[in-house]
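Chain identifiers are assigned alphabetically (A, B, ...) following the order of the sequence lines, protein sequences preceding nucleic acid strands; residue numbering begins at 1 within each chain. Just the heavy atoms: all of them, side chains too, but no hydrogens, waters or symmetry mates, feed the values below.
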Amino acid sequence: MNYWLIKSEPSAYSWEQFVKDKQTFWSGVRNYAARNNLKAMKKGDLAFFYHSNEGLCIVGIAKVIKEHTPDKTAKEGEWYGVDFAPFKALKNPVTLAQIKTEPLLKNMEIIKLSRLSVSKVSDKEFDKILLMSETK
DNA sequence: GCCAACGTTGGC
DNA sequence: GCCAACGTTGGC
């Protein structure tokens with residue numbers, strides 16, 4: 001099983017809306033690196049849901065319920081989307097500032113490639129962030 | 001195939 | 001609102 005991190009601006013699509021919707025088709029990705037990550041996702045994989053621009057924190061975990069399918073919102077090019085459902089909310093959001101100060105997480109893709117909207121998270125990073133969300 | 005210019009994203 | 005970082009584009 002693999003872990004991921006997906007980013008969204010709350011003003012565009014928030015975790016709250018996601019929970020309300022019960023599931024969503026993650027589309028609109030127009031970046032090759034992000035697309036490759038989407039294509040690598042398997043059913044059952046978990047992804048952190050990160051709020052960019054506002055909040056700047058990981059608020060919950062999404063689960064892949066359907067692997068990549070063509071993104072019909074793309075007028076040209078070969079792009080894909082993935083279906084997610086909310087898995088669970090974090091007890092406490094883990095902020096970007098917290099991640100930055102944690103040595104174990106300094107090399108996370110989200111830190112190094114802040115502009116990548118879909119990035120990979122290692123097992124260790126996933127566990128660490130979960131732990132941080134449990135303790136304030 | 002290189003590289004400068006430009007556009008976009010996202011943190012501050 | 002600014003600016004750094006990155007991706008993309010286009011001229012050569």
Side-chain angles (χ1 to χ4, degrees):
Chain A
M1 141 121 85
N2 287 309
Y3 300 109
W4 311 93
L5 183 146
I6 54 179
K7 262 198 307 210
S8 182
E9 298 184 26
S11 59
Y13 194 76
S14 67
W15 171 260
E16 288 74 24
Q17 186 62 45
F18 182 36
V19 170
K20 218 176 283 175
D21 290 347
K22 304 275 201 310
Q23 74 174 76
T24 193
F25 180 61
W26 205 263
S27 61
V29 171
R30 300 290 182 272
N31 169 286
Y32 290 105
R35 185 194 70 178
N36 290 344
N37 283 335
L38 283 177
K39 286 179 80 174
M41 288 184 190
K42 297 288 178 199
K43 197 173 171 180
D45 280 358
L46 299 177
F48 283 128
F49 194 108
Y50 176 80
H51 276 174
S52 65
N53 281 325
E54 300 166 48
L56 309 184
C57 57
I58 295 169
V59 287
I61 302 172
K63 185 179 190 167
V64 175
I65 53 172
K66 193 163 145 215
E67 290 169 25
H68 70 279
T69 47
D71 181 353
K72 294 197 181 67
T73 67
K75 292 207 173 66
E76 54 180 61
E78 225 184 295
W79 300 106
Y80 299 95
V82 170
D83 284 289
F84 290 101
F87 180 65
K88 71 170 189 171
L90 294 187
K91 201 184 278 176
N92 302 297
V94 176
T95 66
L96 182 67
Q98 283 176 275
I99 293 171
K100 281 186 167 169
T101 57
E102 176 53 57
L104 248 172
L105 304 175
K106 268 191 183 150
N107 292 320
M108 279 188 74
E109 279 191 359
I110 187 184
I111 303 293
K112 303 196 119 184
L113 301 168
S114 66
R115 291 186 49 205
L116 189 58
S117 57
V118 181
S119 62
K120 206 169 184 320
V121 176
S122 74
D123 294 9
K124 273 185 191 159
E125 290 161 355
F126 189 86
D127 290 344
K128 182 67 187 172
I129 289 171
L130 265 193
L131 191 68
M132 288 165 77
S133 73
E134 295 291 326
T135 55
K136 252 201 167 147

Novice: For residues 116-124 of chain A, please give each side-chain donor-acceptor pair under 3.5 Å, one per line with the distance, not counting sequence neighbours.
Specialist:
residue, atom, partner, partner atom, Å
K120(A), NZ, N2(A), OD1, 3.4
S122(A), OG, E125(A), N, 3.2
S122(A), OG, E125(A), OE1, 3.4

Novice: As an exercise, state the distance from CZ of F48(A) to CD1 of I6(A), rounded to the nearest 0.5 Å.
Specialist: 11.5 Å
Novice: Quick one: label L96(A) by what it contacts on the DNA or RNA (base, sugar-phosphate, nothing), any heavy atom closer than 4.0 Å.
Specialist: sugar-phosphate
Novice: What residues form a ring pair (Phe, Tyr, Trp, His ring centres under 6.0 Å) with Y32(A), not counting sequence neighbours?
Specialist: W79(A)
Novice: For the side chain of S8(A) and the backbone of Y13(A), is there at least one donor-acceptor N/O pair under 3.5 Å apart?
Specialist: yes
Novice: Quick one: how far along DNA chain B does chain A reach, first to last nucleotide 5' to 3', anything under 4.0 Å to a heavy atom?
Specialist: dG7(B) to dC12(B)
Novice: For S14(A) and Q17(A), test the side chains for any donor-to-acceptor distance below 3.5 angstrom and give the result as yes or no.
Specialist: no
